[in-house]
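Shown next, in structure tokens, is the structure this report addresses.
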Amino acid sequence: MLDQKLIRENPSFVEDNLSLRGKVYDIDFIHKLSLKRKEIDIEISSLQSKSKKLSKIIGQEIRNTNNANSQELNELKDKGNKYKIKVSEFEEKKRILDKQLQDEISKLPNFPSKDAPLGENENNNIQIKEWGDPLKKDNLKAHWEIGENLNLFDSVKSTKISKSRFITLTGNGARLERALVNFMLDVHSNNGYLELMPPALVNSESLQGSGQLPKFSKESFKCANDDLWLSPTAEVPLTAFHKNEIIDPKILPLKYVAYSPCFRREAGSYGRDTKGLIRLHQFNKVELYWFCHPNKSLEAHKEITEDAESILKKLNLPYRSVDICTGDLGFSSSRTFDLEVWLPSSKCYREISSCSNCLDFQARRSSIRTKIDKKTSFIHTLNGSGLAIGRTMAAILENGQQPDGSVKIPDALVPYFGSSFIKTA
RNA sequence: GGAGAGGUGGCUGAGUGGUCGAAAGCGAACGACUCGAAAUCGUUUAAUAGGAAACUAUUCGUGGGUUCGAAUCCCACCCUCUCCGCCA
């Protein structure tokens with residue numbers, strides 16, 4: 001959420017910053033609404049002030065004279081009544097304006113950082129780092145072939161249970177998924193993160209608070225009879241964990257790691273990544289999340305990204321990191337570093353983690369603050385996948401595939417998985 | 001799902017129609033004492049909107065209503081707790 005005062009007082013600044021995203025945002029309407037709202041607010045405030053003073057006089061008069069029905073008093077009461085009517089008229093107008101303003105402002109995305117590369121779409125993202133040796137042989141199998149050969153998952157049967165884009169992990173596949181979750185949670189919680197296991201269903205307010213609503217309601221699954229949605233990412237419950245709080249600055253930063261299933265409708269991606277583990281309606285993810293002091297989010301952003309990277313390094317998976325350009329940034333983010341893992345079958349890097357600094361954008365929507373020099377200020381929030389489990393599995397299968405059809409398990413994962421290779425039965 | 005109790009500041013908790021934005025305590029900040037600390041004493045300490053500030057207004061779960069005036073009375077909703085039922 002952007003600051004309404006900023007929009008009111010400096011609309012062109014707001015428009016300029018938003019336009020870095022490569023789209024035109026019309027602030028004028030909001031600007032005018034806000035000015036009008038302020039005007040009405042001042043009017044109401046002065047009327048209320050008068051009416052309040054009058055009430056006090058009436059109260060005193062009653063106590064002094066012990067008579068609540070003198071003619072003089074009735075005249076004063078009439079006067080009070082007139083104030084009341086006027087105030088309620090203005091308040092009705094204000095309520096309508098507030099609703100409109102809230103609706104419009106909550107549709108505006110965050111400002112892109114000045115450090116983010118300028119650009120319109122993903123083609124303008126900038127690679128900032130490459131790690132490991134990407135495997136570049138021909139005739140490598142895709143992970144869904146490997147998975148089928150080794151009986152790691154079954155997508156056909158899963159359509160009986162649900163529909164396409166759902167998967168059932170079987171045998172070693174399920175075991176590998178579980179091993180990855182435990183491995184990642186252990187690494188992060190040994191590195192100063194507090195582990196949380198949040199609810200998978202979240203209310204509308206929580207989705208609004210982290211930025212998924214109101215604009216992206218079509219991306220999430222909604223429960224029919226309750227104000228509850230299947231959470232698309234643990235970022236949502238983690239943000240809401242401290243909703244409406246003023247956090248003691250001494251305990252900042254708060255660093256959380258959470259495993260959660262994630263549910264996404266993937267509307268508009270028909271026909272893309274229909275095979276395997278890359279794009280599913282339900283997938284598992286280990287998420288990193290920071291609540292930090294507003295002066296420290298830039299360093300925090302580097303740190304959270306490094307923490308996500310550490311998993312790829314430990315698993316010995318080649319990857320690169322990408323600085324997301326202004327036109328490709330997510331709604332709530334001011335700057336994002338994506339980590340992309342090498343998938344040798346398709347000879348390309350695929351996103352496996354997205355590490356974003358949302359500055360005070362989510363904190364403002366969720367009202368999460370701290371005290372700095374006796375003033376309340378919004379904190380900064382950061383999130384990063386550490387990592388998406390399904391895509392990690394895909395990368396392990398493809399990068400670890402052996403000529404005999406087996407898959408080598410990364411050394412760091414062996415104690416969790418219980419074996420160095422996945423072989424045909 | 002049935003019955004009952006309750007939602008007040010960072011926290012605990014008093015307050016049932018008028019100087020109540022709210023006692024008291026805890027916590028926190030500053031100061032005094034101290035070589036330093038603890039203890040003690042003193043002062044300060046809710047948020048939001050508007051304003052340079054003085055200040056003004058709003059907020060006691062949420063939304064309505066009664067009243068000149070509502071934390072307090074009335075209605076609806078939400079949430080929490082206890083007991084019963086059901087259930088992993």
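Proteins come first, then strands; the chains are lettered A, B, ... in the order of their sequence lines, and each starts at number 1.
Across every strand in view, B/G50 sits in a pair with B/C55 that passes the Watson-Crick or G-U test at under 3.5 angstrom. Remark: B/U45 base-pairs with B/G27. Criterion, Watson-Crick or G-U wobble with two distances under 3.5 Å. Using the Watson-Crick or G-U wobble rule with both distances under 3.5 Å, B/C86 pairs with nothing in any strand shown. Taking a pair to require two hydrogen-bonding distances under 3.5 Å in either a Watson-Crick or a G-U wobble arrangement, B/C81 pairs with B/G4. Under the Watson-Crick and G-U wobble criteria, each requiring two contacts below 3.5 Å, nucleotide B/A71 is left unpaired. For B/G17, there is no paired nucleotide, since no Watson-Crick or G-U wobble pair has both relevant distances below 3.5 Å.
For the P atom pair drawn from B/U72 and B/G9, the interatomic distance equals 15 Å after rounding to whole Å. Using atom C1' as the reference point in both B/C41 and B/U34, the two lie 14 Å apart (nearest Å). Using C1' as the reference atom, B/A49 and B/U43 are 29 Å apart when rounded to the nearest Å. Rounded to the nearest Å, the gap between the P atom of B/A23 and that of B/C11 is 16 Å. Between B/A14 and B/U66, the two C1' atoms lie 27 Å apart (nearest whole Å). Distance check on atom P: B/A39 versus B/G51 gives 44 Å, rounded to whole Å. Taking atom C1' on both B/U59 and B/G21, the two are 9 Å apart, rounded to the nearest angstrom. B/A88 and B/G4 have their P atoms separated by 29 Å, with the value rounded to a whole Å.
A/T376 comes within contact range of the sugar-phosphate backbone alone, with a heavy-atom separation under 4.0 Å but no base atom that close. Nucleic acid contact for A/K53: none, since no nucleic acid atom lies under 4.0 Å from a heavy atom of the residue. Contacts of A/K79 with the nucleic acid, taken as non-hydrogen atoms under 4.0 Å apart, are absent. Counting any heavy atom pair closer than 4.0 Å across all strands shown, A/I58 reaches a base atom. Within the nucleic acid shown, A/K56 has no heavy atom closer than 4.0 Å to any nucleic acid atom.
The existence of a salt bridge linking A/K99 and A/D103 is confirmed by a sub-4.0 Å separation between a basic side-chain nitrogen and an acidic carboxylate oxygen. A salt bridge does not link A/K302 with A/E299: every distance from a Lys NZ or Arg NE/NH1/NH2 to an Asp or Glu carboxylate oxygen is 4.0 Å or more. Residues A/R279 and A/E266 are paired through a salt bridge, judged by an N-O separation under 4.0 Å between the basic side chain and the carboxylate.
With distances taken from any side-chain atom of A/K38 to the nucleotides B/U56, B/C68, B/G51, the minimum falls on B/G51. Candidate nucleotides B/G69, B/G50, B/A46 were compared by shortest atom distance to the side chain of A/K371, and B/A46 ranks first. Among the nucleotides B/U56, B/U58, B/G18, the one closest to any side-chain atom of A/S55 is B/G18. The side chain of A/S45 lies closest to B/A57 when the candidates are B/A57, B/C68, B/G50. Ranking B/A57, B/U48, B/A29 by closeness to the A/Q48 side chain, first place goes to B/A57. Residue A/R37 places its side chain closer to B/A49 than to any other of B/A49, B/C68, B/A28.
The distance between atom CZ of A/R95 and atom P of B/U58, rounded to the nearest whole Å, is 15 Å. In this entry the distance linking CG of A/L47 with P of B/C68 reads 17 Å, nearest Å. Rounded to a whole Å, the CD atom of A/E91 is 14 Å from the C1' atom of B/G65. With rounding to whole Å, A/I368 atom CD1 is found 17 Å from B/A47 atom P. Distance, A/N244 CG to B/U8 P: 14 Å, rounded to whole Å. Between the P atom of B/C68 and the NZ atom of A/K82 lies a distance of 13 Å, rounded to the nearest Å. One atom, CG of A/L252, and another, C1' of B/G10, lie 14 Å apart when rounded to the nearest Å. For A/K94 and B/A57, the NZ to C1' distance is 8 Å, given to the nearest whole Å.
For the pair A/K52 and B/U58, the criterion of a side-chain N or O lying under 4.0 Å from OP1 or OP2 is met. Remark: A/R369 is not in phosphate contact with B/G10, judged by side-chain N or O atoms under 4.0 Å from OP1 or OP2.
Nearest approach of A/C262 to A/T233, heavy atoms of both residues: SG-CA, 3.8 Å.
Relative ring orientation between A/F221 and A/F166 is described as tilted, the plane-to-plane angle lying within the 30° to 60° band.
For the pair A/R335/A/D115, a side-chain contact is recorded, criterion being any heavy-atom separation below 4.5 Å from C-beta on. Side-chain contact check for A/L176 versus A/F417: some heavy-atom pair is nearer than 4.5 Å.
Side-chain atoms of A/S354 and A/D338 form a donor-acceptor pair, as typed in the model, at a separation below 3.5 Å.
If A/D41 and A/N81 are placed on RNA chain B by their nearest nucleotide, the residue sitting closer to the 5' end is A/D41. When each of A/I44 and A/K250 is assigned the nucleotide of RNA chain B bearing its nearest heavy atom, the one mapping closer to the 5' terminus is A/K250.
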